[in-house]
Amino acid sequence: MSKRIALLGMPNTGKSTLFNRLTGASARVGNWPGVTVDLLSAKILIGGDMVEVVDLPGIYDLHGYSDDEKVVRHFLERQALDLLVVPLNALQLDRQLVLPLQLAQLGLPVLVLVNMMDEAKTLGIRIDTQALAAGLGLPVVAISAKYGLGQAEMQAALKSALQISQGMAAGAATPDAIDASPDAIAARKRLQEDDSLEDKAAALSRSAVDVPMQLPERFSDKLDRVLMHNVFGLPLFFLAMFCVFAGVFWLGTPLQDAMKWLFDLFNAHVLTPVLAGAPELLRGFVVDGLYGGLSTVAAFVPVIVLFFFFMAVVEDSGYLSRAAYLMDALMVRLGLDGRSFVMLLMGFGCNVPAIMGTRVMRSRALRLLSMLVIPFSLCSARLQVFLFIIGALFAPTQAPWVLLSLYLLSFATAFLTALIFRGQKHFRSEEPFVIELPPYRLPTLRQVWMRGWLEVSHFLRRASKIIVSGVVLVWLLTHLPSGVEAASAASYAGMIGHWMQPLLGPLGIDEKLTIALIFGFVAKEVVIGALAVIYSLEGDALAHHIAGSLTLIQAYSFMLFCLIYTPCLSTIATIRSESRSVGFAVLAVAWPLALAWGASFVFYQVASRLLGG
Amino acid sequence: MTTRLTTLKPGNSAAITAIHAAEALHHRLNALGLRVGKQIQVMRQASFHGPLHVRVGSTDIIIRRSDAACIELRAA
C-alpha cells in the first residue's frame, strides 16, 4: 500500500517551496472529499517506497476558524496519514513551536523542518536543532527549501520517520473536532491550553535559539520606507502594476499571434488537405468547430504562463501584502481587499488568469466576491471589438472619449456589483484582516517557472473541455439545419436572434447583432469575425456597412451590452473550476446578463428619446 | 494608564496588557505572536484611515484599525 504524508505549517514558512522541492514538476490537483479548495499532491519515491505528498493550506493553529483551518481539519478528520511534515520559519521560532508541540502532545508521527536557514544565517540567528528535537520529542532537520540546503539530511529523515511510523488514523490530529463548537467554555479552555503550550514553546525557543541582541536593520525595512510610503506608495504601486500589465500583454500578444499562426499553419497544410474528401458539414464541424475550440484554448496559454511568471515574482517577493496594505482603505468599503484590486487590474488584460489568481486570497467569501467582480474588467479581447466599432462609427475627436467612458463604466459596474453583493452571506468574509508582512525576497527562477507551468496545466485540464464544447455548440447553432448559409436568419442562431427580438429590440440590438452576441459568448475576439460572416463583408467594407446601418446610439448600446455581459466561455469555465460550484458559475453568468440588459435598455431608451434616435 | 494600539504613534512601542477580541481574532493574534506582555511597535499607518503596520518580535503584521482597536497597551 502506498504511504501518504502531508505538509502542515503556518503561512510564510516556505511550505509551497518545500513542496516543489520535494516533488518537482509532478504535482497535480487532487480531489478530496468535502474540501472546497485545490490541494496539490504528488507521488514520489522515498527510500524505495511510493509516497503520496499532499500540500495542505497554511494554518496558524489546529483550533482556528479561518476557511483554510477548516479545510485542514476536514482533511485530517477524513484521511489516514503516515507522517506529518511541519516546516517552521527559522526566523520566527519564538512563536512557531506551538503547532509541533500540539501535534507531539497528540503522539502523532511528525518530522519538523526548520526552514529558511539561509535567512537565519544572514541575520546571525543560530539554532540548536538537537536541543529542539529533545525539547519537542520529535526529529528536527534544518533546511533551506529555496536553495536546497540540507536536502540529503531531509531525505534521510523522511525515510527513517516513515519506517518507524505506525501511521495515524483519520481524525487522530483533531480529537477535539467534535466539540470545536464556538461555545464559550470550550473556547476559553482551548485558549488556556494553548497558553500553557505557549509557555513551553517560549522556554524551548529561549534555550535552543540564539538571536543576536540587536537584529541588523534589514534591507526590507529600507525598501518599505519607500514602497509603503504614505505619499509615494500608491503611485509606485500603480507603476508596478502597469509594468506587470505591460510585461504580460506586450510579451503575450505576439506569442498569442505566433500560437494562432502555428494553428493556422497546421490547419492549412494538414487538416484541410486530409479532410478534402469529407462532406462539407463534417469538414466544417471538425475544422471550425473542434479545431477552432482547441485553438481558442491554446490562445490563452501564453498569457496564462506569462501572467503567473509575473505573479510568482509579485507574490513570492512579498509585494502583494504591501499592495493589500496600500489599497485596503478603499477596498474595505467595497467588501474586498487590496489583493482583489490587483486581480481586478490584471483582468483588464485577460479575465482568465486574473480569476485563477484570486487563489492568493484565503477567505472563500472574499474569493467568490472577487471572482464575481473581475469579469467586468474590460479585457483586451473586448477592446478589439470596441476599437473596431468606435473606429467605424465615431469621429476621431469623439473616439477617445467613447473609449474612456467604456473604461469608466467597466470600473463602475465592478464596484456596483461589489457593493450590491458584499452584504450577502456567501460573500461576507468573516476573517479578520490581520496578515503577515514577509520580508522582501527574490524568487528563484525555479519557483517562477514551476508556477507558470503548474497553472497552465491546471487550466488545460480543467477548462479545455467546456471551452471546446462551447465552441462546437456555437458552430452547430450557426451551421444547422444542414444546407443553410452560415449564421444566416435560417440557421438556429438566426432563429434564436429572431425569438430574442422582443427582449433585445428595446436595446436597439437587431437580429444580426444578436447573432454576433451569441458568437461573443464564446470569445469576444470572434465578434468582429462573426459580423464579417453575418454581413458577408470584410475589413473596411464591413466597417462602412456597419456605419451605414447602425445609429450611434445603437452602436453604443451594443458596446455597452458587450462590455457587461458574459466575458467569454473560457472565463465561465475558469469560474466554474475555481469556485467548484455550478450555482456560483450560473450567478456569474446571470447577474452580468441582467445588468447588461438593464444598462443597455436604460441607455437606449433614454438616449433615443433625448436625441431623437 | 492604558491606551489602545490605534492611538500609538508610528515609531513608538508599548507592552500589550489585554486583548478584547472574539475568539477567531484572538486565536489569529495569538498565533502571530500578539500576546499579553509582548512589546508591540507601530511601524507606520496607511493613509486614508487604512491599516497599521506593526512589529512584534521578528514578525511584521498589517492589521485593520477596527481589529487593532481591541488591543490594549500600557501607556508610556
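Quick note on labels: first sequence line is chain A, next is B, and so on, each numbered from 1.
- Using a 4.5 Å cut-off between heavy atoms, A:L326 makes no contact with chain B at all.
- Cation-pi geometry between B:R64 and A:F433 is met: under 6.0 angstrom from the ring centre, within 45 degrees of the axis.
- If you measure heavy-atom distances from A:N230 to chain B, the contacts under 4.5 Å come from both the backbone and the side chain.
- One distance of note links CG of A:N12 with CG of B:D60; it measures 11.0 Å at 0.5 Å rounding.
- Within 6.0 Å of atom CZ in A:R428, more than 12 heavy atoms from other residues, nucleotides or ligands are found, so the atom counts as buried in its surroundings.
- Of the two parts of B:L34, neither the backbone nor the side chain holds a non-hydrogen atom closer than 4.5 Å to a non-hydrogen atom of chain A.
- Most heavy-atom pairs under 4.5 Å with chain A: of the set B:R65, B:H49, B:Q45, this distinction falls to B:Q45.
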Step by step, would you call B:R55 with A:D221 a salt bridge (charged side-chain N to carboxylate O under 4.0 Å, His left out)?
CA-CA 11 Å; B:R55 178 172 290 174; A:D221 294 330; 2.6 Å; yes
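- The shortest heavy-atom contact between A:V434 and B:R28 is O-NH1, 3.5 Å.
- Looking at A:V231, neither its backbone nor its side chain comes within 4.5 Å of chain B, counting heavy atoms on both sides.
- Both the backbone and the side chain of A:R225 come within contact range of chain B, judged by heavy atoms closer than 4.5 Å.
- Using a 4.5 Å cut-off between heavy atoms, A:L234 touches chain B through its side chain atoms alone.
- Between B:T59 and A:Q96, the closest side-chain pair of non-hydrogen atoms is not below 4.5 Å.
- The pair A:D199-B:R35 does not count as a salt bridge, with every side-chain nitrogen at least 4.0 angstrom from each carboxylate oxygen.
- Within the 4.5 Å cutoff, no side-chain heavy atoms of B:R44 are placed close to those of A:H229.
- Here CE of B:M43 is found 8.0 Å from CG of A:D224. Values are rounded to the nearest 0.5 Å.
- The NE2 atom of B:H53 lies 7.5 Å from the OH atom of A:Y325; values are rounded to the nearest 0.5 Å.
- In terms of heavy-atom pairs under 4.5 Å with chain A, the best-connected choice from B:A46, B:A21, B:A22, B:G33 is B:A46.
- Chain A forms more heavy-atom pairs under 4.5 Å with one residue of B:D67, B:L29, B:V54 than with any other, namely B:D67.
- When all heavy atoms of A:E436 and B:L32 are compared, the pair lying nearest together is OE1-CD2, 4.0 Å.
- Residue-environment remark: CZ (A:F219) stays at or below the threshold of 12 foreign heavy atoms within 6.0 Å.
- The two residues A:A329 and B:G50 have their closest heavy-atom pair at CB-CA, 3.8 Å.
- A distance of 9.0 Å separates CG in A:L123 from OG in B:S58, rounded to the nearest 0.5 Å.
- Between A:D328 and B:F48, every side-chain heavy-atom pair lies at or beyond the 4.5 Å cut-off.
- Rounding to the nearest 0.5 Å gives a distance of 6.0 Å between CD1 of B:I62 and CE of A:M228.
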